[in-house]
Peer 1: 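Sharing a structure below in structure tokens format, with a few things to ask.
Labels below follow one simple rule: chain letters A, B, ... track the order of the sequence lines, proteins then strands, and each chain is numbered from 1.
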Amino acid sequence: MITESNESAVAVRGLTKDFGPVRAVRNVDLAVARGEIFGLVGPDGAGKTTIMRMLAAVLRPDAGEIVVDGVDVVAEAERAKLHLSYMPQRFGLYEDLTIAENIFFYGALFGVPRGERIARSQELLEAAGLLPFRRRLAGQLSGGMKQKLGLICALIHTPRVLLLDEPTTGVDPVSRRDFWAILYNLRESGVTIVLSTAYMDEAERCSRLALLHGGQIRRCDTPQHLKEAMPGALLAIAATHPRDVRDAVSGRPGVLGALLMGDRVHVRVDDAERRIPELRAAIADQGIADAVIAPAEPGIEDVFVALLGEETPHEP
Amino acid sequence: MNIQRLLAMAYKETLQVWRDPRSLAVALLMPLMQMGLLGYGVSLDIKHVPLCVYDQENSQASRSVVDAFTASSWFTISRTIGSEAGIRSAMNHGECAAAIVIPVDFSRTLAATGSAPVQAIFDATDVNTTNIAMGYVQGVVAQINATTDARWDASHGVQPSLVGQVDLEPSVWFNETLESRNFIIPGVVAVILALVGAQLTSLTISREWERGTMEQLISTPVTPLEVMFGKLIPYFAIGLLDAAFCLAVAAFWFRVPFRGSIGILFVTTALFDLVVLGIGYLISVRIRNQLGASQVALLLTMLPTTLLSGYTFPIDQMPAPIRALTLIVYSRYYVTILRAIFLKGSGLADLWTPVLGLVAYAAIIIWLAARAFRKHL
């Protein structure tokens, strides 16, 4: 038995899953407190979806324990499903059913009584701004509306734990903002949310993060602590040709890593005071005149890259 | 099993069938098409066999022979030919399946001896037709003999004998008009049910996998039994409706005599419906793409039902190993029952073996289907 099941909404220990020779998830431990928005962050292939599926009891682990809301998910999958809710990465609702029919169907499957289903779907549709479209077929909705519908279907039975696998992939920025507003509201009402994402800006919004790579959790902490714990200092170098700047500084003494971030280069150094003049000289040597160097606050992506050494998961 | 979840599943599935033109076409148009096609197209009766005549004599006696063939509905004289070679060419061109040759001394021989030969030639590429046509020729010749014998006796002053003559009077039961349609059409119902039932259900689970809705579905507390029965309910209803339609067309449109009990017909039809739905569902669980599933369904239902159920080819005449194989062909039980109910009016007392076969089959298939679906990826 896992003892912290009383405090934790989700407790995972030694979780392992292989697909043939591929070790998708290796010995993962997690503890998510009630009311958290917990993020699983990592590049594609890191094992995010596999972990989410095992938490949702739709995939059986090879080894390990999962307790969600006090229920052993491995031994009692069906009982666990009553109080959790899972939104798969791929849109999983019926495109040939309308919004209202989808909600009604999932409400019934989760045992929500008819009257309550009507009231709650009305409320959720209103909050998501989908009420005028409730007779529209799900297949005719935009990406953002589909995600909201998915969320409504996942919330119709007022779950205690919500599992969202890359919920905002392929969703426009405005819809993403709306989506997060709904998530924050849910947290207020005490729902525990575990979500996976490949978007670093989205990761920053989580209360805690697990940085996932190669099926293993490399770090697990609040975004603030993760940034503080990053070794070295971060410099941002803005220039018209950031690629040239990166090539100029890469591999120089004291440079721990260089990462392209749009029109600038994030350079991690051991000692900012000492390296800024050196880098400025090195860049000038390459004939780049417009570079501006300034200390910068690290983002989660910088932390991730620092963590993985020279591996750059999101380089274009 | 939770009723609310079961009904929700059935309702959702009904909506999906209703909105899927392909499924709807299979459910509604297929029976109509098949009934028309099989009802009108499939007939084992051979009528109007095209016949060539080479009358070498062209006398009154020889013409009366030709007239006898013309008068029977079994033959149609397609051509009159003037030479032996003409027969060969007519057969090669497919203008006739049989030919009769009346020799040049026909009436002379007949008058002298009271009997004269007529040659019949058959195109035996289609053995079945040839056998039947040979029977017909003998029938026509027997008629001719009866009349000419009587005439010859009269002209020679012989009194027709009143004693010592054995007459065979065949009496045909159950399909008095000997129409093969009456024999075929009840079986068509089995073919249509097998086709429609298994086709539709073979798509039901594979569709969820293919469209990516399965992962969401299995993350809910719905049980495998609720999924199975919920999904089968609408198809069961469609199957029964299709069967009712076909049976009505058989009885009222094609006028196949119906002599048995509607109750037994209903129960056995429901059993057969369950068997084919269960088979379709099993296939659907195993094969995760719709095209593959529907192909396999066709292979496992249509093929045995048309070939091995006794629907067209009599089981008694199959070689022993094939005959043994038909014991596992569920449709043979239903086809047997359908024919017996329609034509003989048999009751449960006569039909308990095939009914028991169907019951056992339905139980096994549904048991397997209930265990087949697993709620994980």
Peer 1: Could you go through A:Leu59 and B:His376, starting from their C-alpha distance and side-chain angles, then the distance that decides it, and tell me whether this counts as side-chain contact (heavy atoms from CB on, under 4.5 Å)?
Peer 2: CA-CA 5 Å; A:Leu59 185 70; B:His376 47 78; 6.0 Å; no
Peer 1: Against chain A, label B:Met9 side chain, backbone, both or neither, depending on which of its atoms sit under 4.5 Å from a heavy atom there.
Peer 2: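 Contact with chain A involves both backbone and side-chain atoms of B:Met9.
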Peer 1: Heavy-atom cut-off 4.5 Å, strictly under: side chain, backbone, both or neither for B:Glu208 against chain A?
Peer 2: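 Side chain only.
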Peer 1: For A:Pro88 versus B:Gln216, what's the shortest heavy-atom pair and its separation?
Peer 2: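 Nearest heavy atoms, A:Pro88 then B:Gln216: CD-OE1, 3.3 Å.
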Peer 1: Who wins among B:Leu217, B:Asn2, B:Asp20 for the most heavy-atom pairs under 4.5 Å with chain A?
Peer 2: B:Leu217
Peer 1: Can you establish whether the number of heavy atoms outside A:Phe19 located under 6.0 Å from its atom CZ is more than 12?
Peer 2: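 Atom CZ in A:Phe19 is packed in, count exceeds 12.
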Peer 1: Closest heavy-atom contact between A:Leu93 and B:Thr213?
Peer 2: O-CG2, 3.3 Å
Peer 1: Identify which part of B:Leu7 has an atom lying under 4.5 Å from any heavy atom of chain A, answering side chain, backbone, both or neither.
Peer 2: neither
Peer 1: Report, in residue-number order, which members of residues 100-136 of chain A are under 4.5 Å from chain B by heavy-atom distance.
Peer 2: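 Contacts with chain B: A:Glu101, A:Phe105, A:Tyr106, A:Gly107, A:Ala108, A:Leu109, A:Phe110, A:Gly111, A:Val112, A:Pro113, A:Arg117.
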Peer 1: Run through B:Gln16, B:Arg207, B:Arg19 and flag the one making a side-chain hydrogen bond (donor to acceptor under 3.5 Å, both in side chains) with A:Asp96.
Peer 2: B:Gln16
Peer 1: Please report the C-alpha distance between A:Lys81 and B:Lys375 in whole Å, then the side-chain angles of each, then the deciding distance to 0.1 Å, and finally whether the side-chain contact (heavy atoms from CB on, under 4.5 Å) criterion is met.
Peer 2: CA-CA 12 Å; A:Lys81 285 172 184 173; B:Lys375 269 188 74 189; 3.5 Å; yes
Peer 1: Counting only heavy atoms not in B:Phe254 (residues, nucleotides, ligands), do more than 12 fall under 6.0 Å from its CZ?
Peer 2: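 Counting neighbours around CZ of B:Phe254, more than 12 heavy atoms of other residues, nucleotides or ligands fall under 6.0 Å, so yes.
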Peer 1: Going from OH on A:Tyr94 to CZ on B:Arg211, what distance comes out if it is rounded to the nearest 0.5 angstrom?
Peer 2: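 Atom-to-atom, A:Tyr94:OH and B:Arg211:CZ are 10.0 Å apart.
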Peer 1: Identify which part of A:Leu163 has an atom lying under 4.5 Å from any heavy atom of chain B, answering side chain, backbone, both or neither.
Peer 2: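 Contact with chain B involves no heavy atom of A:Leu163 at all.
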Peer 1: Nearest 0.5 Å please: distance from the CE atom of A:Met54 over to the CG atom of B:Leu377.
Peer 2: 11.0 Å
Peer 1: Using non-hydrogen atoms and a 4.5 Å limit, figure out which bit of A:Arg79 sits close to chain B: side chain, backbone, both or neither.
Peer 2: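 For A:Arg79, no heavy atom lies under 4.5 Å from chain B.
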